[in-house]
Amino acid sequence: MKFLQDFFDKLKPFVEKGGKYEKYHTLYEGHRTIVFAPDLTTGKKGSQVKDAVDLKRMMFTVIIAMIPCLLFGMWNVGHQHFLATGVEAELIDKILIGALKVVPIIIVSYAVGLGVEFVFCVIRQHPVSEGFLVTGLLIPLVMPATIPLWQVALATVFAVVIGKEAFGGTGMNILNVALVARAFLYFAYPTAISGEVWTYLGDAAPVAAYSGATPLAIAASTVGNPGATPVVDLLNDSWSAGIYDFWNMFLGIMPGSIGETSTLMCLIGAAILVLTGVGSWKIIVAVFAGAYSMGLIFNLVGLNEFMLMPAQYHWVIGGLAFGAVFMATDPVTASQTETGKWIYGFLIGLLTVLIRVFNPAYPEGIMLAILLMNVFAPLIDYYVVQANKKRRLQRATV
Amino acid sequence: MEALNIFIKSAFIDNMIFAYFLGMCSFLAVSKKVSTAIGLGAAVIFVLGITVPINWVMQTFILNEGALSWLGASFETIDLSFLTFIMFIAIIAAIVQLVEMIIEKASPALYGSLGIFLPLIAVNCAILGASLFMIQRDYTIVEATAYGLGSGVGWMLAIVALAAVREKLKYSHVPDGLKGLGLTMLITGLMGIAFKSFIGIAI
């Protein structure tokens, strides 16, 4: 560590006030705090900061929580590749193929995003925002493995500039930055991110019975089709035996975005976030509860086979778990008040199932449900605060 | 049941702001505070809920070709539909005048904060737009009322959400060039993306 310390100490005079590269002070600080705790101490008066857990440490906790999803996602990309092409393969081959597809997406997302971030913080003289560390990993995890790299770059630039920097940088955005990137691609280049793009095939030809349809697409195909087979039967009767079995989907061994398939890995991530106090358990629980209750309501209504699908299936198909754990809990865009968090999470779950079942245009609802509730989160907070004020005023005696 | 469907559809799916971009001027200008936005939103719901059915009656019994036949057989060939725009505007302006007087009497504070935008509801394109869409789609009077109220609710939802977002953004360090309207335009665009979740839902 000594040489790092020396390196930063040597650079320091150049970037301090009056130094030759004064402009790049924020860049210097940004890199220095990755390896060392900031050397700032709080003054003798006023509030005292004793904990070294600053924004950067918090962001790293989130990244650690995402690593199970990432590793599993890499393996799964390889696994789906060999499954679809009908080749027997070893564990290491699967991981290699997965890494070959996933790592470039991560590199592009980080390089482009941090590049934009650095340009902005030099021009606007604000400290380097640690926020992108998380966003930069979230973006690859919500993309299909087959996404063209230039689209990742374009979406990242759009999300960072329009979704975040225009609002004044980290902590000021109103919509989740990674979801803005995905929504941008979804509406601008729909062919690369919808339909049967979820399995990486490469040059190899798929096996005869292969179908790239995700569980959501299979379930949605029963809508408007009276006399269709029940969704669960359709899922059990898929092209590869047992791939859409409930517990198999819970483990996440199925096609989907890189990081979103495994509910189990998302729950491990959730445990890390909740235990370290970074993510709000209220939101996570509320999203799952909202989705389940909407699923139950639909079971009662039962107009088509998708509505009749057992409610717990909504938990494991699509990206509900990933969205609930890593996207909905984003402290910047979620509701800030405690009561608000319950309402916010519950409505996300509810809307997700509503969009899945009712909107034929979008088989997956979690992305748009979270974006929509991001828009309404400040309003929820406003009313929670107003109600609180009213209650306390009633208690007051003159 | 049909009326309920139209109500939900016009509030969320065919939202005046995010699906048709109507009524943008007051949407952008009066969205600085939640309380004011609620006031204006309520006024717009009221005006829409009254003018759309009244315009429906006007259209069906006076303006359409042959609509005047209730006056006598000699009126059957008269077609006054070229007067549609001017009649609708006149009715809307009259109703807005009424709303203005009511608000001034009932809540002087709201009247002050709405300022010029209260009389400007008269030329809010969302309101004329709702009346014109109503004709195009051949609604019955019940459906027309539901449509007017639904459009108003959708518009209010949009402006109140935007106001809450803008209240939160007061503390942000926004680039100078984007302060005010520039950023509001961007937010509207992003809100439009979020509202796309409803567009395409078939009820």
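Protein chains get the first letters and strands the later ones, always in sequence-line order, with residue 1 at the start of each.
- When the heavy atoms of residues 173-181 of chain A are compared with those of chain B, the residues falling under 4.5 Å are A/Asn173, A/Ile174, A/Leu175, A/Val180, listed by number.
- By the 6.0 Å contact criterion, CD1 on B/Ile86 is open, its count of non-hydrogen atoms from other residues, nucleotides or ligands being 12 or less.
- When the shell of 6.0 Å around CZ of B/Phe85 is examined, it contains 12 or fewer heavy atoms from other residues, nucleotides or ligands.
- Using a 4.5 Å cut-off between heavy atoms, B/Lys168 contacts chain A through its side chain alone, with no backbone atom that close.
- Only the side chain of A/Gln336 comes within contact range of chain B, with at least one heavy atom under 4.5 Å from a heavy atom of that chain.
- Ranked by heavy-atom pairs under 4.5 Å with chain B, the list A/Asp381, A/Leu379, A/Leu371 is led by A/Leu379.
- For A/Tyr189, the side-chain contact (heavy atoms from CB on, under 4.5 Å) partners are A/Trp150, A/Gln151, A/Leu154, A/Leu185, not counting sequence neighbours.
- The parts of B/Phe198 that come within reach of chain A are both its backbone and its side chain, each placing non-hydrogen atoms under 4.5 angstrom from that chain.
- Between atom OH of residue A/Tyr382 and atom CD1 of residue B/Ile38 there is a gap of 5.5 Å, rounded to the nearest 0.5 Å.
- Other residues, nucleotides and ligands contribute more than 12 heavy atoms inside 6.0 Å of the CZ atom of B/Phe82.
- A/Ile380 does not touch chain B: none of its heavy atoms, backbone or side chain, sits under 4.5 Å away.
- With a 4.5 Å cut-off on non-hydrogen atoms, A/Phe120 does not touch chain B at all.
- Residue contact with chain A, scored on non-hydrogen atoms closer than 4.5 Å, involves the side chain of B/Leu169 exclusively.
- In this structure, no portion of B/Leu162 lies under 4.5 Å from any heavy atom of chain A.
- B/Ala194 and A/Val375 make their closest contact through CB-CG2, 3.8 Å (heavy atoms, listed as atom of the first residue, atom of the second, distance).
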Would A/Leu372 and B/Phe12 count as a side chain to side chain contact (heavy atoms under 4.5 Å, CB included) here? Give the steps. CA-CA 12 Å; A/Leu372 192 71; B/Phe12 293 103; over 6 Å; no
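- The residue among B/Met191, B/Glu167, B/His173 with the most heavy atom pairs within less than 4.5 Å of chain A is B/His173.
- Heavy atoms only, all atoms of each residue included: A/Ala166 and B/Leu178 are closest at CB-CD1, 3.6 Å.
- B/Leu183 touches chain A through its side chain: at least one heavy atom from C-beta onward sits under 4.5 Å away, while N, CA, C and O do not.
- Looking at every heavy atom in both residues, B/Ile193 comes nearest to A/Ala183 through CG2-CB, 3.7 Å.
- Heavy-atom distances place both the backbone and the side chain of A/Phe167 under 4.5 Å from chain B.
- For the pair A/Arg124/B/Pro175, a side-chain contact is recorded, criterion being any heavy-atom separation below 4.5 Å from C-beta on.
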